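Here the structure comes first, spelled out in structure tokens, and everything after it is commentary.
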Amino acid sequence: QVQLVESGGGLVQAGGSLRLSCAASGRTFSSYAIGWFRQAPGKEREFVAAIAYGGGITYADFVKGRFAISRDNAKATVYLQMNSLKPEDTAVYSCAAARVLVTTTFQYEYWGQGTQVTVSS
């Protein structure tokens, strides 16, 4: 089992930056890819970025060049650096664990509770 806890959300002005953290516990962290998803009010959850244990990375098109995902396996933590934030980035951001590097929600087995990101215009 993997337990995930997100942190780092908050209120930021458009153009600003935030760094989200996803801290994992459980002995099998190294077996999982970690993904970030977001869900805005009234919208479906959508994929943002994911990183495999070995470092392979994939991003949603709408965050390329603005967001960067990284992981520190020694700390069992995955980060999402978000730059040039826009009001449309406002959402609850959640991290999740999957056996392989994928972008589809249903393939992620474990989920954190999420952290709110609000970008003001």
Side-chain angles (χ1 to χ4, degrees):
Q1 285 232 348
V2 178
Q3 294 80 42
L4 303 170
V5 178
E6 304 93 338
S7 62
L11 173 64
V12 64
Q13 289 187 333
S17 299
L18 282 174
R19 189 177 80 156
L20 305 183
S21 298
C22 174
S25 60
R27 294 184 295 173
T28 58
F29 173 75
S30 62
S31 301
Y32 289 86
I34 301 296
W36 283 99
F37 291 79
R38 69 185 189 184
Q39 188 168 21
K43 295 187 177 181
E44 292 188 355
R45 179 178 283 167
E46 63 180 352
F47 171 77
V48 176
I51 185 167
Y53 178 77
I57 289 173
T58 185
Y59 292 103
D61 287 343
F62 60 80
V63 302
K64 286 181 180 177
R66 298 192 299 126
F67 292 8
I69 191 171
S70 61
R71 69 191 287 165
D72 184 335
N73 290 325
K75 295 182 178 179
T77 300
V78 171
Y79 304 98
L80 184 67
Q81 177 67 44
M82 305 188 296
N83 301 322
S84 302
L85 283 162
K86 306 174 183 179
E88 51 264 43
D89 292 319
T90 295
V92 174
Y93 285 71
S94 301
C95 62
R99 294 284 183 176
V100 294
L101 187 64
V102 290
T103 64
T104 49
T105 304
F106 73 91
Q107 290 180 282
Y108 282 80
E109 299 179 42
Y110 304 102
W111 290 82
Q113 292 299 307
T115 185
Q116 177 69 46
V117 171
T118 303
V119 185
S120 63
S121 57

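Since this is a predicted model, take the numbers as computed values, not measurements. The chain is numbered in sequence order, starting from 1.
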Could you see if [X] belongs to whatever hydrophobic cluster contains [Y]? Use Ile, Leu, Val, Met, Phe, Trp, Tyr and a side-chain cutoff under 4.5 Å.
X	Y	result
Ile51	Phe47	no
Val92	Val48	no
Val5	Tyr110	no

Exercise for the section: Any ring pair (Phe, Tyr, Trp, His ring centres under 6.0 Å) involving residues 48-77? Give me the pairs, sequence neighbours left out, ordered by first then second residue. Expected result: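 For residues 48-77, and leaving out neighbouring residues, there are no ring pair (Phe, Tyr, Trp, His ring centres under 6.0 Å) pairs at all.
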With rounding to the nearest 0.5 Å, note down the distance linking [atom1] in [X] to [atom2] in [Y].
X	Y	atom1	atom2	result
Thr118	Leu85	OG1	CG	10.5 Å
Lys86	Ser121	NZ	OG	14.0 Å
Gln113	Ser7	CD	OG	13.5 Å
Gln116	Thr90	CD	OG1	7.0 Å
Ile69	Gln81	CD1	CD	12.0 Å
Ser70	Ile34	OG	CD1	12.5 Å

Practice task
Give the intermediate values and the outcome of side-chain hydrogen bond (donor to acceptor under 3.5 Å, both in side chains) for residues Arg71 and Tyr79.
Solution key: CA-CA 6 Å; Arg71 69 191 287 165; Tyr79 304 98; over 6 Å; no
Taking all atoms of both residues into account, what is the closest heavy-atom pair of [X] and [Y], and its distance?
X	Y	value
Ser17	Ser84	OG-N, 4.4 Å
Ala97	Leu4	N-CD1, 3.7 Å
Ser21	Thr77	CB-CG2, 4.3 Å

Exercise for the section: Show the numbers, then the answer: is there a side-chain contact (heavy atoms from CB on, under 4.5 Å) between Val12 and Met82? Expected result: CA-CA 11 Å; Val12 64; Met82 305 188 296; over 6 Å; no
What I'd like to find out is whether the side chain of [X] reaches to under 4.5 Å of the side chain of [Y], using heavy atoms alone.
X	Y	value
Asp89	Arg38	yes
Leu101	Thr58	yes
Glu88	Val119	no
Cys95	Val78	no

Hey, is the main chain of [Y] close enough, under 3.5 Å, to the side chain of [X] for a donor-acceptor pair?
X	Y	value
Glu6	Gly114	yes
Tyr108	Trp36	no
Gln107	Ala98	no
Thr115	Tyr93	no

Problem - side-chain contact (heavy atoms from CB on, under 4.5 Å) partners of Thr105, counting only residues at least two apart - result: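 By the side-chain contact (heavy atoms from CB on, under 4.5 Å) rule, Thr105 matches Phe37, Arg45, Trp111.
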Practice task
Run the salt-bridge test on Asp61 and Lys64 with the 4.0 Å N-O cut-off and return the result as yes or no.
Solution key: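 Looking at Lys64 together with Asp61, the answer is yes, because their closest N to O distance falls below 4.0 Å.
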